[in-house]
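Structure record follows, encoded as structure tokens.
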Amino acid sequence: MAKIILASHQKGGVGKSTLIYNLAYNLKDSAKVAMIDVDYQGSLVKISSMSQVPIFTIDRLNEVLQDDYDFILVDTPPYLSDELPKLYELADAILIPTKAGILDILAMEETVDLIKKHNVEEKTVIVFNMIKPNTTLTEDIKGQASQYGLKIARTMISDLVAFSRSVMEGGVTDSNNAQRQIDNLSKDMFTILI
């Protein structure tokens with residue numbers, strides 16, 4: 001049975017799609033992987049013709065679940081949708097990507113409330129994403145994020161050009177720093193899945 005990894009945050013611009021894409025590409029050589037794009041903007045679906053990992057829309061979820069995928073990575077929309085409760089129940093791991101900004105942390109509140117309402121806190125982790133280099137603000141913001149009582153991933157994903165270009169280049173394999181971060185985040189994710 002496939003392990004389902006979901007990225008959820010009702011705020012746009014926190015890097016959910018890019019994170020899902022890079023995690024999928026990181027797993028593709030050792031596992032059968034698919035992506036589901038729930039976001040009606042369709043960012044991932046728009047690149048499906050050039051993707052080495054199949055990308056499906058939400059209406060194909062049941063079909064994809066019946067296939068023999070090892071991992072299904074799901075990108076959710078930047079708002080609270082009716083599909084989220086069902087997806088939270090199905091998910092084996094829920095990632096809440098967020099920038100290290102106070103407004104991003106505050107915007108997580110409704111997502112966290114929904115996660116708690118559905119009792120899926122134990123499989124949820126906050127992932128600091130698109131982190132600017134040499135900033136001291138991150139530790140202060142991590143303290144703010146800890147108020148939600150959810151796990152915080154040890155790995156933070158930097159705001160590297162390699163991540164911005166990854167969709168055009170089939171992942172971040174050309175950047176040792178970016179690849180190391182995605183490898184480490186994959187390990188963090190596996191601790192939730194096990």
Side-chain angles (χ1 to χ4, degrees), residues 3-31 33-58 64 69 71-79 81 83-84 87 91 93-101 103-105 107-108 111 124-133 135 138 141 145 152-190 192:
K3 295 291 186 185
I4 299 173
I5 300 153
L6 182 78
S8 182
H9 190 310
Q10 79 267 14
K11 187 174 187 306
V14 294
K16 290 184 298 290
S17 301
T18 303
L19 193 61
I20 286 294
Y21 175 88
N22 281 295
L23 285 169
Y25 264 70
N26 203 41
L27 296 169
K28 74 175 179 53
D29 291 335
S30 58
V33 181
M35 290 181 268
I36 300 284
D37 191 348
V38 182
D39 187 350
Y40 294 112
Q41 294 174 7
S43 300
L44 292 176
V45 169
K46 288 176 183 167
I47 58 138
S48 61
S49 64
M50 61 184 192
S51 176
Q52 295 174 31
V53 175
I55 302 169
F56 303 96
T57 53
I58 187 66
V64 174
Y69 288 103
F71 295 97
I72 301 170
L73 290 96
V74 182
D75 181 27
T76 65
Y79 50 84
S81 72
E83 289 101 357
L84 284 178
L87 291 170
I94 301 168
L95 310 178
I96 304 177
T98 188
K99 293 181 179 178
L103 295 177
D104 300 287
I105 298 302
M108 283 190 325
T111 299
T124 303
V125 64
I126 296 170
V127 178
F128 281 93
N129 195 24
M130 303 165 69
I131 303 301
K132 302 290 183 202
T135 180
T138 304
I141 296 298
I152 297 176
R154 289 181 307 217
T155 303
M156 293 190 296
I157 303 299
S158 300
D159 188 15
L160 300 172
V161 172
F163 289 114
S164 300
R165 299 176 57 126
S166 63
V167 174
M168 296 183 311
E169 297 182 359
V172 294
T173 55
D174 289 343
S175 168
N176 290 337
N177 191 13
Q179 185 62 55
R180 184 173 48 256
Q181 289 178 26
I182 287 295
D183 287 342
N184 289 337
L185 183 59
S186 295
K187 291 174 189 170
D188 288 350
M189 185 183 59
F190 286 130
I192 296 170

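Taking both residues in full, the closest heavy atoms of I126 and A145 are given as CD1-O, 4.0 Å, listed atom of the first, atom of the second, then distance. K99 and V14 get closest at one heavy-atom pair: N-CG1, 4.2 Å. Considering every non-hydrogen atom in both I20 and V74, the closest pair reads CD1-O, 3.6 Å. Across A7 and T76, no two heavy atoms sit closer than the pair O-OG1, 2.6 Å. V125 and I152 get closest at one heavy-atom pair: CG2-C, 3.8 Å. Minimum heavy-atom separation, L44 to D37: N-OD2, 2.9 Å.
Within the model, atoms CD1 of I94 and CG of L6 stand 5.5 Å from one another, a figure rounded to the nearest 0.5 Å. Rounding to the nearest 0.5 Å places OG1 of T18 at 11.0 Å from CD1 of I157. Taken from CD1 in I182 to CG in L23, the straight-line distance is 5.0 Å, to the nearest 0.5 Å. For the atom pair I5 CD1 and I72 CD1, the distance stands at 9.5 Å (nearest 0.5 Å). In this structure, the separation between CG on D104 and CE on M130 is 9.0 Å, given to the nearest 0.5 Å. Atoms OG and CG, from S8 and L95 in turn, are 9.5 Å apart once rounded to the nearest 0.5 Å.
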Would V172 and L160 satisfy side-chain contact (heavy atoms from CB on, under 4.5 Å), going step by step from the backbone distance to the final call? CA-CA 10 Å; V172 294; L160 300 172; over 6 Å; no
Chi angles and distances behind the side-chain contact (heavy atoms from CB on, under 4.5 Å) call for L27, L73: CA-CA 10 Å; L27 296 169; L73 290 96; 4.3 Å; yes
(message) Applying side-chain contact (heavy atoms from CB on, under 4.5 Å) to M168 and I47, what does each step give before you reach the verdict?
(response) CA-CA 9 Å; M168 296 183 311; I47 58 138; over 6 Å; no
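For F128, there are no ring pair (Phe, Tyr, Trp, His ring centres under 6.0 Å) partners two or more places apart in sequence or in a different chain. With sequence neighbours excluded, the residues forming a side chain to side chain contact (heavy atoms under 4.5 Å, CB included) with V53 are A24, Y25, K28, V33, M35, S51, listed by chain and number. Applying the side chain to side chain contact (heavy atoms under 4.5 Å, CB included) test to D29 and every residue at least two apart in sequence or in another chain returns nothing. By the side chain to side chain contact (heavy atoms under 4.5 Å, CB included) test, P78 pairs with K16, D39, Q41, sequence neighbours left out.
Listed by first then second residue, pairs satisfying ring pair (Phe, Tyr, Trp, His ring centres under 6.0 Å) with a partner in residues 152-190 read F71-F190, not counting sequence neighbours. For residues 166-176, every residue pair satisfying the side chain to side chain donor-acceptor pair (under 3.5 Å) rule, not counting sequence neighbours, is listed here: N22-S166, R165-E169.
Checking Q181, K187, Q179, R180 one by one against D183, the side chain to side chain donor-acceptor pair (under 3.5 Å) holds for a single residue, Q179.
Between L185 and L19 the shortest side-chain heavy-atom distance falls below 4.5 Å. Between K11 and M108, the closest side-chain pair of non-hydrogen atoms is not below 4.5 Å.
D188 contributes a side-chain N or O that, together with a main-chain N or O of T155, makes up a donor-acceptor pair within less than 3.5 Å.
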